[in-house]
Protein chains: 2
Amino acid sequence: MTTGFATGRALRPTTKVLPEHARGHNRSLVLQTLYRIGTLSRADIARETGLTRVTVSDLISELMGEGLVIEMGQREDARPGKPATLLDLDRSAFQIVGVDLSEYATFRGALLDLDGHLLDTVSLPLAGSTGDEAAAKVEQIIAELVSRAVRPILGIGVGSPGVVDLNGVVLSAPNLGWTGRDLQGELAARFDLPVVVINDANAATLAEHSFGGATGDMMLVKIGHGVGAGLLLGGTPLFGSRFAAGEIGHVMVGTDGGATCVCGKVGCLETWLATPRLDAALAAATSDIQKEQILWEAGERLGIALAPVVGALDLAEIVLSGPTELLDGTLARAAIETLRARTMPEFHGNLELRMTGLGEDIVLRGAAVMVLSGQLGVS
Amino acid sequence: MTTGFATGRALRPTTKVLPEHARGHNRSLVLQTLYRIGTLSRADIARETGLTRVTVSDLISELMGEGLVIEMGQREDARPGKPATLLDLDRSAFQIVGVDLSEYATFRGALLDLDGHLLDTVSLPLAGSTGDEAAAKVEQIIAELVSRAVRPILGIGVGSPGVVDLNGVVLSAPNLGWTGRDLQGELAARFDLPVVVINDANAATLAEHSFGGATGDMMLVKIGHGVGAGLLLGGTPLFGSRFAAGEIGHVMVGTDGGATCVCGKVGCLETWLATPRLDAALAAATSDIQKEQILWEAGERLGIALAPVVGALDLAEIVLSGPTELLDGTLARAAIETLRARTMPEFHGNLELRMTGLGEDIVLRGAAVMVLSGQLGVS
DNA sequence: CATGTTTGTTAGTAAACCTTACGAACTAAT
DNA sequence: ATTAGTTCGTAAGGTTTACTAACAAACATG
């Protein structure tokens, strides 16, 4: 709109800007263009970015010097003019370590390439570990992956449950017994590599944004042992004023009671949707019809809880992540129907709700996105 | 946080950046510093912004050439060294036209100075006008204010009800009979001045941010003939994927029925909170206790509706705007108590809820903020 | 009164991108 | 076959930006 520096309508510039910052920005812009579109010539990039061919050439030679970009030979098609030299990101130049601490009983890790594809995976049973012991297992997984890497490692991304601040300090993760633990700092010191620690649901949201085809403002609801969410608004993840954005598991739903929650309240979203509760309810059901009813009510409650959020944020998309057999079907249908019934179709009729297509690797891939974004300005 | 170019953790650079953009950014930074802190010397600004004295001197001379900044004489206090030449924004150098179309029966307009103080006001009964007739009244108000201005006009800001896109096109404002009306374009053509048209609740949110002392992520709920809201997240207003963010008036609240709404649904937030409904209910009440109950339930419903939003966004603050006699008291108390009861105190216990201190001028002042932000990069 | 401090300016440098121009390599029309 | 036109990448030179270094002016202090 105005300067291009701040997103949206600029409000309150806060830091000075030097020419070198512009350079870094344009460098990322070139990388981003290659990352998104794929093989391009220098002239293509110039047209795409608005920079001149001269500037692009200069940036490309810098990037080729770092081994990030490689020439792919000449373009084949028959056109007038000098044939273009094609370029692309060297997508196997680096590898990324991604770690997912969000599953209840297992830590998972993977090596990924710059496209976010899993190359190798490792998992380690948590076996009830908490505190230092759990942290040691995180280090163990990463050490194993680092030793298996066959390329330089771009960085380490970790998706952790709980509340994580912008410096990667896990402020609170009850299941792992962490409070104010500087996991990012510890890992950075141990491995001497760039490290990013981020909330698991936020990681999943980023993965959906980069690989799942989410376009506009989106909320990802991650349903597992607990219920959490991540938000992507205007292309930027939302962290919240205390880094607790997306913590909707213990919000009360409806005005007609419900089951008692571990938190002491009645009718929290988790009492309807957390998988242990759902599994138990389904196991106790005596007929398929009853099971359908359980799933329908769970979806309905999700819709009731999200309706005000959809109204307030004017979301374009809601994505569910979790066990497909529970979520994808009656539950999702109930959720979207309830949402449509409880909001204004004139404003929010375009809302869509779907399962993620990224399956169980969503947090691993989201952690990789954080590394890509932090190190290359690409995602 | 990182570069200063993108807000938050940078994701996806999208536009090129030239040195001249950096210049504009730093120029705004200097203006912003003067605007916020007030009288400062060049050296003070340099320390505050991180720019060098040389650069600041250069920017200041440019700004003085435009008449935006003036010298205020020398600093009086006794210190070693050459006495500092004090500078300030010339806060009476320009005037701003602000217009508020959000009241049910009246259009209001005002001349404001750069500090957002009202210098002169005009109002015009709407008298049921819609469509072109209503638009003509907007022009009439602005023309009157332009003729009364005794300084150059920096720009025109308009807060309109309904859904307004980023180009100031009123996509939908039922009360005024506008659909897809390019009000911003019409006014810019008519007055040959910078014009910004923005949703009324968003304008109010900006005013609260700039003048009301709102600090972190905030939601402003504007209660009047309808119920709308504006959100400020990470210092940036949220517009939503279809520019309908904040449209919470017709979200259903609770799972126990309620009154039938004009929209056809049952138990919309407006059925509890819109002032006509509240006034009617209070008028029909036969005792003070009953009136208290009505207000309490209204606040309770607001809390029920906002709890999921607070949980999802981790808001720091909720601000109410509207008739003080209705909102400030039982209703607000009920809302915050309900919010606290329905969310997690560990995450959201710091949440505050209060009335705005800006009264009925909040939209006018917010419209002025848009002009300030757009023209000077200041707010 | 000499010394040290602070302010604002002047002069020169480095970095970034731009415009202009050109050779290389191709297609298409004559 | 030759000419004209197109496209690509690079080179040279210019502009803008903010920086560092240095300095004079103007003050306080011992």
Side-chain angles (χ1 to χ4, degrees), chain A residues 3-5 13 15-30 33-34 39-65 69-88 377, chain B residues 3-5 13 15-30 33-34 39-65 69-88 377:
Chain A
T3 64
F5 284 112
T15 25
K16 66 172 174 178
V17 171
L18 306 183
E20 68 216 62
H21 296 135
R23 176 74 167 187
H25 183 94
N26 288 336
R27 187 191 128 106
S28 285
L29 181 58
V30 168
T33 305
L34 277 173
T39 306
L40 288 172
S41 72
R42 291 171 176 82
D44 293 333
I45 297 172
R47 277 185 291 266
E48 191 71 26
T49 59
L51 296 164
T52 60
R53 292 201 305 272
V54 179
T55 303
V56 171
S57 271
D58 194 44
L59 286 165
I60 287 292
S61 78
E62 179 183 311
L63 294 169
M64 286 178 59
V69 170
I70 46 175
E71 294 197 335
M72 310 281 288
Q74 294 199 338
R75 180 173 279 150
E76 294 294 327
D77 57 351
R79 295 189 308 175
K82 176 178 170 181
T85 313
L86 293 174
L87 305 164
D88 201 352
Chain B
T3 63
F5 283 111
T15 26
K16 66 173 174 178
V17 171
L18 305 182
E20 69 215 60
H21 296 136
R23 176 76 167 187
H25 183 95
N26 288 336
R27 186 190 128 106
S28 285
L29 180 58
V30 167
T33 306
L34 276 173
T39 306
L40 289 173
S41 72
R42 291 170 177 83
D44 293 334
I45 296 172
R47 278 185 290 267
E48 190 73 25
T49 58
L51 296 163
T52 60
R53 292 200 307 270
V54 180
T55 304
V56 170
S57 270
D58 194 43
L59 286 164
I60 287 292
S61 77
E62 178 183 312
L63 293 169
M64 285 178 61
V69 170
I70 46 176
E71 295 196 336
M72 310 281 288
Q74 294 199 338
R75 179 172 280 149
E76 293 295 328
D77 55 352
R79 296 189 308 175
K82 177 178 170 181
T85 315
L86 293 174
L87 305 164
D88 200 352

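Nearest heavy-atom pair across A:L87 and A:E71 is CD2-CG, 3.7 Å. Between A:S28 and A:G377, the shortest heavy-atom contact is OG-CA, 3.6 Å.
In this entry the distance linking CG of B:L87 with P of C:dT7 reads 12 Å, nearest Å. Atom CD1 in B:I45 sits about 16 Å away from atom C1' in C:dT6, given to the nearest Å. At whole-Å resolution of the value, NZ in A:K16 and P in D:dA18 are 10 Å apart. Atom CG of B:D58 is separated from atom P of D:dT20 by 15 Å (rounded to the nearest Å). Rounded to whole angstrom, the span from the CG atom of A:L29 across to the P atom of C:dC17 amounts to 11 Å.
Just one residue in the list B:L29, B:D44, B:I45 forms a side chain to side chain contact (heavy atoms under 4.5 Å, CB included) with B:L34, and that residue is B:I45.
No engagement by A:R27 is indicated, since no non-hydrogen atom pair under 4.0 Å with the nucleic acid exists. Counting non-hydrogen atoms under 4.0 angstrom, A:N26 reaches the backbone sugars and phosphates but no base. If you check every strand for non-hydrogen atoms under 4.0 Å, B:V54 touches a base. Across all strands, B:R75 comes closer than 4.0 Å to no nucleic acid atom at all (heavy-atom distances). Heavy atoms of A:R53 sit under 4.0 angstrom from at least one base atom.
Projected onto DNA chain C by closest heavy-atom contact, B:G81 and A:P80 fall at different nucleotides, the more 5' of which corresponds to B:G81. Two residues, A:P19 and A:T85, neighbour DNA chain D, and the one matched to the more 5' nucleotide by heavy-atom proximity is A:T85.
For B:R79 and C:dT5, the shortest distance from a side-chain N or O to OP1 or OP2 is not below 4.0 Å. For B:S57 and C:dG8, the shortest distance from a side-chain N or O to OP1 or OP2 is not below 4.0 Å. The phosphate of D:dC8 (OP1 or OP2) has a side-chain N or O of A:R47 nearer than 4.0 angstrom. OP1 or OP2 of D:dC19 lies within a sub-4.0 Å distance of a side-chain N or O belonging to B:T55. In terms of phosphate contacts, A:T52 brings a side-chain nitrogen or oxygen within less than 4.0 Å of OP1 or OP2 of C:dC18.
Distances were taken from every side-chain heavy atom of B:K82 (C-beta onward) to each of D:dT20, D:dA25, C:dT5; the shortest belongs to D:dA25. Distances were taken from every side-chain heavy atom of B:E20 (C-beta onward) to each of D:dT17, C:dA25, D:dT6; the shortest belongs to D:dT17.
Rounding to the nearest 0.5 Å gives a distance of 10.0 Å between CG of A:L86 and CZ of A:R42.
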Kindly determine whether A:D58 and A:R23 satisfy salt bridge (Lys or Arg N to Asp or Glu O under 4.0 Å), including the steps that lead there.
CA-CA 11 Å; A:D58 194 44; A:R23 176 74 167 187; 2.9 Å; yes

